[in-house]
Structures are given as structure tokens and as C-alpha cells.
Amino acid sequence: MDGGNHSVVSEFLLLGLTNSWRIQILLFLFFTVFYVASMLGNLLIVLTIISDHHLHSPMYFLLANLSFIDTGVSSIATPKMIYDLFRKHKVISLNGCITQMFFIHTVGGTEMVLLIVMAYDRYIAICKPLHYLTIMSLRMCIVLLALAWIIGLIHSVAQLAFVVNLPFCGANKMDSFYCDFPRFIKLACTDTYRLEFLVTANSGFISMATFFILIVSYIFILVTVRKHSSGASSKALSTLSAHITVVVFFFGPCIIVYVWPFPTLPIDKFLAIFDAIITPSMNPVIYTLRNKEMKVAMRRLFARALSFIDSLRDSN
Ligand SMILES: *[C@@H]1O[C@H](CO)[C@@H](O)[C@H](O)[C@H]1NC(C)=O
């Protein structure tokens with residue numbers, strides 16, 4: 001045993017998504033558009049919610065936090081992937097790789113817990129409306145958010161701790177566009193069976209468990225809404241269906257990537273595109289295009305921005 005300190009490999013070769021020049025140009029356009037849209041859309045949501053006191057309620061605070069996390073999710077792998085598309089040798093250093101895995105799992109784990117918190121928030125709002133503001137106080141929101149970040153961090157570090165010292169001594173081709181545990185572990189020159197099991201157990205478990213909790217809570221809420229069908233229920237239904245859409249798009253790919261027994265499927269690197277870029281850019285669309293209060297608030301924000309620009313012009 002050499003303790004893994006003599007690794008020869010100091011960087012990995014990412015094979016990317018395809019070799020075809022034409023498809024790469026298409027991917028370049030596709031990813032750039034999605035990335036820019038995702039950043040702008042999510043930042044606009046955060047800005048709108050923070051600046052508009054009509055939206056200072058738990059649901060919108062959680063939504064702003066989700067958008068904030070989504071800017072992180074889409075910035076971990078995508079900018080490098082876009083930059084790499086036209087490079088012949090797409091390399092990433094060992095430390096770069098570990099950093100990517102750390103952030104993917106911290107932010108991803110936090111987002112999963114946040115989705116549960118958002119489902120809980122909807123449950124209280126719909127099933128216990130009279131107690132909503134006392135239960136979901138600002139303090140409660142902050143505690144739940146802190147909890148989400150702590151769980152995300154533990155989830156990430158608990159896997160990273162086992163792989164930071166892995167020895168690498170030759171194999172360095174990673175058939176993906178970013179680093180993640182399943183393929184990273186495969187490249188180590190040691191018996192990795194237990195590590196693979198650990199990652200499946202940890203990442204697989206958190207994805208499956210969260211997905212299961214969310215689906216059960218949403219079914220429960222839907223049943224409750226139908227029982228007390230009142231005027232508010234169609235609005236509740238549209239909010240709920242937005243949440244459920246996000247959940248399915250986020251967890252579908254995750255579950256396939258982590259829960260699928262090894263060896264890794266070739267298709268999962270394409271599915272990873274969903275979690276890396278498509279899902280984070282869909283949240284703004286799903287939440288704002290369907291939400292009247294958000295649309296009104298955004299119009300107010302634009303009106304204020306315009307009058308601010310006018311006042312600057314007048315003072316010159
Ligand atoms: C997240 O939520 C907290 C409290 O619920 C709020 O004060 C904060 O502004 C939110 N953060 C973002 C980035 O929206």
C-alpha cells in the first residue's frame with residue numbers, strides 16, 4: 001500500500017459528448033442559449049422576489065433560493081463544457097475534477113432537500129392554511145434552508161472523503177463532459193468495488209428517497225386539495241403541477257445515473273445534460289410563466305428600472 005500519494009495521473013481527458021464537428025456546433029449553440037437563458041432567468045427571479053415586498057412570503061423566499069441554487073447548478077459544468085467543445089484535448093486537472101464533484105454534490109444535495117422543504121411549505125399552505133404564517137415563519141425558513149445546505153455538504157463530503165486519496169496510475173480517459181463519482185472511481189488503479197457501492201448507496205439513496213418523499217407528499221396534497229375543492233384549489237393545482245414537473249425532470253436523470261447498477265451506461269452522459277443545464281433553466285419558465293403574482297412583480301421591476309434610467313438621463 002502506498003497510501004495513494006504516488007499518483008502519476010494529474011489530469012484527466014474528458015471525451016465530451018461527440019466527435020462530429022457539425023453536432024458540436026449545434027451543441028455549442030444549444031448550450032450557450034440554455035446557459036445564458038438559465039442565468040438571466042434565475043437571476044431575474046431572485047432580483048424580482050428580493051426587491052418586491054409583495055413577494056416576501058415563505059413560498060417566494062424558497063423559490064428565490066431555488067433559483068439561486070440553480071444558477072450554481074448550471075455554472076458548475078456548463079461553462080467549461082462550452083469552452084471545451086472546440087478544444088481538441090479537453091483536459092481537467094485532478095483537483096479540478098474533485099472540485100467539480102464537490103460542488104455538484106453539495107449544490108445538488110441541497111437542491112434535493114430544498115425541494116422537500118418546498119413541498120412541506122405547500123403542504124402547510126394547503127392543508128393547514130390558518131396556521132401557515134405561524135408555522136412557516138421567517139425563522140423556520142432560515143432553519144430549513146440552513147438544514148438543506150448542511151445536508152448537501154455532508155452528502156458531498158461523505159463521498160469525497162473516500163475518493164480524494166485514490167491512486168491513479170495510467171487510465172485517464174473519462175467518457176463524459178464533466179467529472180462525477182461513477183466514472184472517476186472507475187479510473188483508479190485499485191479495487192473499487194466497495195467505493196462504487198458506497199456511491200450508489202449514498203447518491204442513489206438520496207435521489208431515490210427524496211424522489212419518493214416528494215411524490216408521496218404531492219399525492220397527499222393533491223388528494224387533500226380535491227377533498228376540499230374550493231375556489232383556491234385551481235391555483236393550488238397549478239402551483240403543484242409546476243413543482244411536480246420540476247421534480248420529475250430533476251430526479252429522472254439522477255436516478256438513472258446513480259441507481260443504475262454498474263457498469264455505467266453510455267446514455268447517462270447525455271441524461272446528465274438535463275441536470276447540468278436543462279432543468280435549471282426550466283425552473284424560471286415553469287414558475288414565472290404560470291404565476292400571475294410573479295409576472296406582475298416583474299412588470300413592476302421593469303417599470304422601476306425604466307424610471308431609474310430616465311432619472312439618470314434627466315440629471316445629466
Ligand atoms: C433565501 O431565503 C431567505 C429566508 O427565507 C431569504 O432571506 C433570502 O433572501 C433568500 N435568498 C435568496 C438568494 O433569495
Side-chain angles (χ1 to χ4, degrees), residues 35-76 78-79 102-129 131-156 210 213-214 217 221 236 239-240 242-243 246-247 250 275-277 279-302 304-305:
Y35 182 63
V36 172
S38 162
M39 291 305 275
L40 291 179
N42 282 308
L43 289 175
L44 179 64
I45 292 184
V46 172
L47 198 66
T48 307
I49 292 175
I50 287 181
S51 68
D52 198 311
H53 64 91
H54 294 97
L55 301 183
H56 284 185
S57 74
M59 184 178 101
Y60 287 107
F61 276 140
L62 296 175
L63 194 54
N65 279 271
L66 181 70
S67 278
F68 175 70
I69 290 178
D70 275 337
T71 62
V73 171
S74 44
S75 298
I76 296 169
T78 315
F102 171 75
F103 281 112
I104 289 172
H105 284 266
T106 305
V107 172
T110 306
E111 177 153 348
M112 290 193 183
V113 181
L114 180 59
L115 288 172
I116 296 182
V117 172
M118 290 173 76
Y120 176 70
D121 170 74
R122 288 302 82 206
Y123 163 76
I124 302 288
I126 291 167
C127 303
K128 300 190 188 318
H131 304 286
Y132 181 59
L133 285 177
T134 43
I135 297 176
M136 290 302 288
S137 59
L138 183 62
R139 203 169 141 229
M140 183 63 159
C141 276
I142 291 172
V143 167
L144 291 175
L145 281 169
L147 197 68
W149 280 103
I150 292 169
I151 293 177
L153 201 63
I154 293 176
H155 157 71
S156 178
T210 314
I213 293 175
L214 286 173
S217 5
I221 299 173
T239 314
L240 287 180
H243 285 214
V246 170
V247 166
F250 185 67
D275 281 337
I277 181 130
T279 315
S281 56
M282 278 191 11
N283 287 352
V285 180
I286 290 173
Y287 286 107
T288 55
L289 289 187
R290 317 173 43 120
N291 185 321
K292 215 181 200 165
E293 281 173 311
M294 276 300 287
K295 278 191 271 189
V296 171
M298 281 185 182
R299 241 173 266 144
R300 269 198 298 264
L301 183 69
F302 282 126
R304 257 196 289 166

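For ligands, and for the atoms within them, numbers begin at 1 and follow the listed sequence.
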Do Ser75 and Tyr35 pass the side chain to side chain contact (heavy atoms under 4.5 Å, CB included) test, and can you show the C-alpha distance, the side-chain angles, and the key distance before you say yes or no? CA-CA 8 Å; Ser75 298; Tyr35 182 63; 3.0 Å; yes
In chain order, what residues pass the salt bridge (Lys or Arg N to Asp or Glu O under 4.0 Å) check against Arg300, with sequence neighbours excluded? Asp52
Exercise answer, ligand 1 polar atom pairs (N/O) under 3.5 angstrom:
unit_1	atom_1	unit_2	atom_2	d
ligand 1	2 (O)	Asn65	ND2	2.3
ligand 1	11 (N)	Asn65	OD1	3.3
ligand 1	11 (N)	Asn65	ND2	3.2

For a 4.5 angstrom cut-off between non-hydrogen side-chain atoms, does Phe61 reach Leu138? yes
Do Met136 and Leu144 have side chains that approach each other closer than 4.5 Å (heavy atoms only, starting at C-beta)? yes
Do Val113 and Thr210 have side chains that approach each other closer than 4.5 Å (heavy atoms only, starting at C-beta)? no
Hey, could you give me the OG1/CG distance between Thr48 and Leu301, rounded to the nearest 0.5 Å? 5.0 Å
